[in-house]
Amino acid sequence: MKPRYLNYRSKLEKFLPEHILTELEYIGKLSARLGFNTYLVGGIVRDMVLGKKNLDIDLIVEGDALELARAYAKEKKVPCHTFEEFMTAQITLKTGEKIDLATARKETYTHPGAYPKVEKATIKEDLYRRDFTINTLAVELTEGRFGILVDYFNGLKDIKDRMVRILHQLSFIEDPIRILRALRFAGRLGFRLGRPTEKLLKLAVDENMLELAPTGRVNLELTYTFNEEKVIDILFLMNKYRVLHSLIPEFYMDEKREELLSRLRDTIISFEMFLELKVDRVSNYLMALLYHLPFELSYKFLEKYHFSKTIKFFEEYYEIKDLLEKIPEKDSDLYKKIKFIKKDLLVYICASSPVELAERIIRILKKEGERQLLISGKDLKELGIPPSPIYRKILDDVFKKYLDDEIKSKKEALEYLKKQYLGG
């Protein structure tokens, strides 16, 4: 297949911040001086074509990435970390952004699922080892050819056709992790699998190739999936192609689980947006996928794929899950039950509980975040109440009434204090 060349300089100039573009031009000049060819590759090029924001900068060097990185770091006086065995390096710009450089290389696999053996290669050989055609685009940075996009494998056409396509028939056999990646990209981008790719993926799943994948890489890929914006679309694709069943033999998808996954996504968004919390998405989604199993089977899966943090999450959930079997009528009494439960666990509790209870819990947590704004020790002191252990009792009393809507503002809180504690 003849490569296709397009001038993408103007697109680069629009897509990249000016200071990063300047540094890439400098790297291109340095590359030419050293006799190397350097390319911008990977997801950033794909996303530039799609018009999606991405500043994860990966460079491939036909030559020696370590030598280029060291030369740049020396001239610019910036940090440089090299990884000799992988022929890769990372430099940090003065503005803080990181750039990853790798020597162009090709990979050979001794058996399915094995880590590859690596040796130096051309840019075309390097791109051919990639997972999908949409990730094989490269933009040359070398001085004299700066901004020229090279398309060896019809990646541009596949992006236009919204298609995920592997490069060769043994792709899923050589690296079964590509099964997970194919569905993650398809779900994230709203793409479909090419027909031969779909056929080969189904075959690889039926042959249980994921059992041969390194468990640490399965962990990493699932972690990426659970943190994707379109995680539900990806999980539905994983169910469609029986990938979830391959990883969790006792797994099944029904309307109840579909509803739980959708509610969990919305609950996570609510907690992160309105309560400004960083939610443990991995543990929550794993709970939604495994909740029907006995803990022993869940534990076996989590241990196999190294989800140690999630094991603790599961253990803590099973300790408190019966706490809300009987729901108090007053929000202040409900708060007593949930105030010591970790927020990550409350996310799953909200998603798996009746909507009315979930809304009450979120409302209570919002009010908990407003507690210091309602009334404080400083306010008590200004009212003439001398500092003492009674402060805690007074603040708890006011907050309790705030939870139960008996007090709705700071003004009402101050009026209540004067009447209740100052005789006014």
Side-chain angles (χ1 to χ4, degrees), residues 1-32 36-62 65 68 72 88 90-93 95-102 104 123-124 126-167 178 181-182 184-192 194 224 227-230 233-234:
M1 185 180 296
K2 290 184 178 180
R4 184 181 180 190
Y5 299 96
L6 294 171
N7 190 338
Y8 260 57
R9 185 181 183 106
S10 61
K11 289 185 180 292
L12 269 183
E13 291 171 349
K14 291 178 182 177
F15 186 77
L16 294 171
E18 186 176 350
H19 69 282
I20 291 180
L21 185 70
T22 299
E23 296 309 315
L24 293 182
E25 288 181 321
Y26 189 91
I27 289 172
K29 290 177 182 178
L30 186 56
S31 178
F36 304 153
N37 298 318
T38 299
Y39 301 83
L40 180 68
V41 299
I44 188 171
V45 183
R46 177 199 67 232
D47 289 347
M48 179 169 61
V49 175
L50 287 167
K52 294 178 177 289
K53 188 175 181 180
N54 186 339
L55 286 180
D56 291 331
I57 303 173
D58 293 306
L59 308 184
I60 292 296
V61 182
E62 280 185 322
L68 177 58
Y72 175 88
T88 63
Q90 184 181 79
I91 53 179
T92 303
L93 304 183
T95 46
E97 295 89 353
K98 297 184 186 301
I99 295 179
D100 293 311
L101 299 91
I123 181 65
K124 183 177 180 180
D126 186 280
L127 295 173
Y128 185 65
R129 70 180 177 83
R130 307 271 159 162
D131 45 14
F132 314 112
T133 57
I134 60 174
N135 294 329
T136 62
L137 300 174
V139 176
E140 187 155 10
L141 303 179
T142 317
E143 186 178 32
R145 296 185 296 278
F146 187 90
I148 300 298
L149 180 138
V150 188
D151 181 7
Y152 286 103
F153 306 107
N154 267 347
L156 282 173
K157 183 177 186 304
D158 288 339
I159 290 175
K160 181 181 178 182
D161 293 341
R162 305 182 70 78
M163 180 188 298
V164 175
R165 181 168 62 87
I166 53 176
L167 279 83
R178 288 172 178 160
R181 288 176 60 80
R184 182 160 65 86
F185 280 117
R188 178 206 290 179
L189 301 173
F191 284 16
R192 61 187 171 84
Y224 286 149
N227 283 286
E228 288 276 359
E229 182 180 342
K230 294 191 176 180
D233 299 296
I234 299 169

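Numbering of residues begins at 1 and proceeds along the displayed sequence. Keep in mind that the numbers below use all heavy atoms, side chains included, and drop hydrogens, waters and symmetry copies. Remember, it's a predicted structure, so these values are computed and weren't measured experimentally.
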Distance in Å, [X] [atom1] paired with [Y] [atom2], rounded so as to fall on 0.5 Å steps:
| X | Y | atom1 | atom2 | result |
| --- | --- | --- | --- | --- |
| Glu140 | Thr38 | CD | OG1 | 8.0 Å |
| Arg130 | Thr136 | CZ | OG1 | 9.0 Å |
| Ile99 | Leu93 | CD1 | CG | 4.0 Å |
| Ile20 | Ile57 | CD1 | CD1 | 4.0 Å |
| Leu21 | Glu18 | CG | CD | 7.5 Å |
| Asn135 | Phe185 | CG | CZ | 4.5 Å |

Steps toward salt bridge (Lys or Arg N to Asp or Glu O under 4.0 Å) verdict (Glu25, Lys29): CA-CA 6 Å; Glu25 288 181 321; Lys29 290 177 182 178; over 6 Å; no

Taking every non-hydrogen atom, the tightest pair across [X] and [Y]:
| X | Y | value |
| --- | --- | --- |
| Met48 | Phe15 | CA-CE1, 3.6 Å |
| Ala65 | Ala102 | CB-C, 3.4 Å |
| Arg188 | Lys230 | O-CD, 3.6 Å |
| Ala32 | Glu143 | CB-CB, 4.0 Å |
| Ile44 | Asp56 | CB-O, 3.6 Å |
| Leu127 | Leu167 | O-CD2, 3.9 Å |

Derivation and outcome, side chain to side chain contact (heavy atoms under 4.5 Å, CB included), residues Tyr39 and Val139: CA-CA 5 Å; Tyr39 301 83; Val139 176; over 6 Å; no

CA sep, side-chain torsions, deciding dist, call: Leu68, Leu59, side chain to side chain contact (heavy atoms under 4.5 Å, CB included): CA-CA 11 Å; Leu68 177 58; Leu59 308 184; 5.9 Å; no

Side-chain heavy atoms of [X] within contact of [Y], under 4.5 Å:
| X | Y | answer |
| --- | --- | --- |
| Thr95 | Pro17 | no |
| Ile159 | Leu137 | yes |
| Asp158 | Phe191 | no |
| Phe132 | Ile166 | yes |
| Glu97 | Glu23 | no |
| Glu62 | Thr142 | no |
| Leu149 | Val45 | yes |
| Val41 | Asp126 | no |

Using modelled atom types only, decide if a donor and an acceptor are shared between the side chain of [X] and the backbone of [Y] within a distance under 3.5 Å.
| X | Y | result |
| --- | --- | --- |
| Asp58 | Gly42 | no |
| Arg162 | Leu189 | yes |
| Ser31 | Ile27 | no |

Evaluation steps, side chain to side chain contact (heavy atoms under 4.5 Å, CB included), between Leu40 and Leu12: CA-CA 10 Å; Leu40 180 68; Leu12 269 183; 3.9 Å; yes

Glu229, CD: over 12 other non-hydrogen atoms inside 6.0 angstrom: no

Over 12 foreign heavy atoms within 6.0 Å of OH, Tyr224: no

Distance-only donor-acceptor check, side chains Arg145 and Asn37, under 3.5 Å: yes

Axial cation check for Tyr8 ring with Lys11, 6.0 Å and 45° limits: yes

